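Both ligands and their constituent atoms are indexed starting at 1 by order of listing. Position 1 is the first residue of the sequence, and the numbers go up from there. Because the structure is predicted, anything quoted here is derived from the model rather than measured.
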Amino acid sequence: MSAKNSRREFLGIAAATVAGASLFSRRAISQSAAGVPALVGGTPVYKGNWPAWPEWRQDWEPSILDVLRSGRWYRGSGQQVQQFEAAYAALLGARRCLATASGTTALIVAMHVLDVDAGDEVIVSPFTFIASYNAILICKALPVLADTDPATLTVDPASIESRITERTRAVMPVHIYGMPCDMDPIMATARKHGVAVIEDACQAWLAEYKGRMCGTIGDLGCFSFQNSKHLPSGEGGAITGDSDDLLDRASSFHDCGRSYGGFKGARPNFTRGGNFRMQHFQAAMLLQQLEKLKQDTARRRENADRLTASLKEIAGIRPVRLPEDSRAVWHLYPFRYDAEKFQGLPRETFIKAMRAEGIPCSTGYQEQYFDGLLDEAINSRGFKRLFSAQRLKDYRDSFQELKGNREVCATTVAFTQNLLLAGRADVDLIPEAIRKIQAHGAELAKRV
Ligand SMILES: Cc1ncc(COP(=O)(O)O)c(C=O)c1O
């Protein structure tokens with residue numbers, strides 16, 4: 001830091017000390033905004049360590065050892081998976097829950113029991129982790145992409161209806177980053193056309209929409225408990241729902257097609273199915289973390305509200321709009337970045353500058369439908385057999401229509417959830433770092 005800056009810093013602090021605490025914090029922020037960005041040699045705004053993720057507690061270990069020593073490791077013996085299912089259903093207010101090996105397998109099982117078959121179409125949010133697309137492709141169905149609402153980052157409900165064809169079997173809204181989709185208009189459109197709704201709630205444990213938990217509003221909801229998630233067990237997933245028929249079918253399909261409850265299948269013993277079962281080790285880990293999930297969620301929400309209030313005041317930073325009467329759980333905390341208000345500083349350099357300030361962040365999902373995955377699928381022998389050449393051409397052309405999603409992919413920046421588990425004082429440094437970078441936007445744009 002230059003002598004000139006050190007002096008300015010000193011004067012700022014000295015003046016604030018005289019004027020009192022509230023003035024101090026304002027001065028401290030403006031002083032820091034004037035400081036040299038860490039990316040070009042200044043002092044980082046944050047030098048600590050953000051909370052590590054995932055967290056494990058030693059006093060949880062006996063329950064894992066119990067499973068280990070019992071020798072009852074798989075679902076067919078032992079009780080932990082069933083206990084977790086009961087506890088998770090109760091936590092969400094769902095009648096039933098079926099634990100699965102992963103979020104992806106939860107989606108596959110859910111689609112199977114809702115009769116998504118080869119050659120069908122499923123309408124899905126494009127702004128999502130690639131697993132949402134892949135689960136549909138594994139069912140040999142076409143993931144038809146609705147558009148994203150740039151204000152919410154979730155699917156624009158108004159973009160769904162025009163994409164419904166005679167092959168559409170389901171709509172898959174994704175509560176991305178733990179932000180609820182606007183479910184009322186989505187459900188209304190789906191019901192009007194007689195198609196099922198599978199909520200991809202893989203990032204939305206305890207997110208709420210109009211008094212109901214995400215994952216309990218559509219026909220079935222799917223969750224992931226993979227390592228990075230708010231309720232992690234390395235791998236794992238769940239399906240929630242109220243229909244005994246669907247959950248009995250799902251239980252059967254996920255367990256090699258064994259008869260289950262009221263569902264006997266086509267034959268006396270087995271019907272179609274796979275092995276998508278969760279292990280008791282995973283369930284024991286999850287059971288231990290349910291209370292923590294509630295506490296962490298409250299903390300993330302409190303910090304996110306505080307952060308949103310500050311970010312709203314910064315020109316060029318647009319926090320997301322949540323649907324009315326809904327509560328997010330912030331698997332990531334996203335906002336949209338307007339480079340013009342940062343003196344032309346490109347988003348990628350803004351991210352580098354934030355990281356240098358000690359505030360990790362990244363872009364959101366990219367326009368992954370142009371990455372070749374969907375091309376590979378629609379050029380495969382199977383898809384060419386299942387869909388007409390004209391349908392596949394129109395499908396490929398339709399990616400160009402996703403204007404809202406393009407804007408979202410080009411402008412989103414996001415913080416990971418663990419930042420929201422930090423103390424208030426640390427979270428307050430996030431807007432401070434943004435202001436500092438903003439004050440030096442032109443200079444950073446030229447120098448980096
Ligand atoms: C939105 C979304 N859908 C589906 C999945 C798939 O879950 P899993 O990784 O447990 O298979 C994930 C996981 O990251 C996800 O974020």
Side-chain angles (χ1 to χ4, degrees), residues 53-54 81 84 88 97-112 116 122-139 141 143 145-146 148 152-155 170-181 183 186 197-207 209 213-215 217-218 220-240 250 254 274-279 281-283 285-286 289 293 320 328-334 362-366 368-369 373 405 408-409 412 414 416-418:
W53 194 264
V81 174
F84 170 71
Y88 197 62
C97 168
L98 172 72
T100 59
S102 65
T104 304
T105 52
L107 289 168
I108 293 167
V109 173
M111 281 186 281
H112 176 80
V116 173
V122 176
I123 299 176
V124 64
S125 301
F127 192 71
T128 182
F129 181 55
I130 202 70
S132 314
Y133 296 18
N134 268 330
I136 299 168
L137 292 172
I138 287 171
C139 297
L145 306 171
T148 305
T152 64
L153 268 57
T154 54
V155 67
V171 179
M172 187 188 286
V174 184
H175 306 295
I176 203 66
Y177 299 161
M179 304 181 304
C181 296
M183 290 303 293
I186 295 171
V197 175
I198 299 161
E199 294 175 73
D200 181 338
C202 284
Q203 299 184 5
W205 328 256
L206 302 186
Y209 176 84
M213 295 282 183
C214 289
I217 302 165
L220 292 172
C222 297
F223 294 85
S224 168
F225 307 126
Q226 178 270 341
N227 226 83
S228 66
K229 303 302 198 292
H230 295 191
L231 182 60
S233 56
E235 301 289 358
I239 303 174
T240 47
H254 108 298
N275 178 352
F276 304 115
R277 297 184 298 253
M278 177 181 275
Q279 293 195 64
F281 292 109
Q282 293 161 287
M285 290 175 77
L286 295 169
Q289 296 176 81
L293 172 68
V320 292
V329 294
W330 309 113
H331 183 46
L332 271 80
Y333 178 97
S362 59
T363 60
Y365 299 106
Q366 299 305 303
Q368 48 205 357
Y369 32 87
L373 164 86
N405 195 59
V408 165
C409 291
T412 299
T416 48
Q417 52 89 14
N418 59 317

Need the ligand 1 atom indices (1-based, order shown) with element for anything under 4.0 Å from a heavy-atom of [X].
X: C202; result: 2 (C), 3 (N), 4 (C), 5 (C), 12 (C), 15 (C)
X: V174; result: 1 (C)
X: T104; result: 6 (C), 7 (O), 8 (P), 11 (O)
X: S102; result: 10 (O), 11 (O)

Side chain, backbone, both or neither: which part of [X] comes within less than 4.0 Å of ligand 1 when only heavy atoms are counted?
X: E235; result: neither
X: T128; result: side chain
X: T105; result: neither

Fill in the blank from the handout: The protein heavy atom nearest to atom 5 (C) of ligand 1 is A131 CB, 3.6 Å

Practice task
Look at atom 12 (C) of ligand 1 and say which protein heavy atom is nearest, naming residue and atom and giving the distance to 0.1 Å.
Solution key: F129 CD2, 3.6 Å

Does [X], backbone or side chain, put an N or O under 3.5 Å from an N or O of ligand 1?
X: G103; result: yes
X: D200; result: yes
X: S224; result: yes

Exercise for the section: Would you give the length of the straight line joining atom CG of D200 to atom OG of S125, rounded to the nearest 0.5 angstrom? Expected result: 8.0 Å

Fill in the blank from the handout: To the nearest 0.5 Å, atom SG of C214 lies from atom CD of E199 at 6.0 Å

Practice task
Kindly state whether the ring of H230 and the ring of W330 have centres lying under 6.0 angstrom apart.
Solution key: no

Go through the side-chain N and O atoms of [X] and [Y] and say whether any donor and acceptor fall under 3.5 Å apart.
X: T105; Y: S102; result: yes
X: Q203; Y: H175; result: no
X: S228; Y: Q226; result: yes

Problem - Option of least heavy-atom distance to atom 14 (O) of ligand 1 (set: K229, M172, H175) - result: K229

Exercise for the section: Would you please classify the geometry between the F225 ring and the F223 ring as parallel, tilted or perpendicular, with 30° and 60° separating the classes? Expected result: parallel

Practice task
If the plane angle is over 60° it's perpendicular, under 30° parallel, otherwise tilted; pick one for Y365 and F129.
Solution key: tilted

Exercise for the section: Answer with yes or no whether G237 contacts ligand 1, where contact means a heavy atom under 4.0 Å from a ligand atom. Expected result: no

Practice task
Indicate yes or no: at least one non-hydrogen side-chain atom of I198 is less than 4.5 angstrom from one of L107.
Solution key: yes

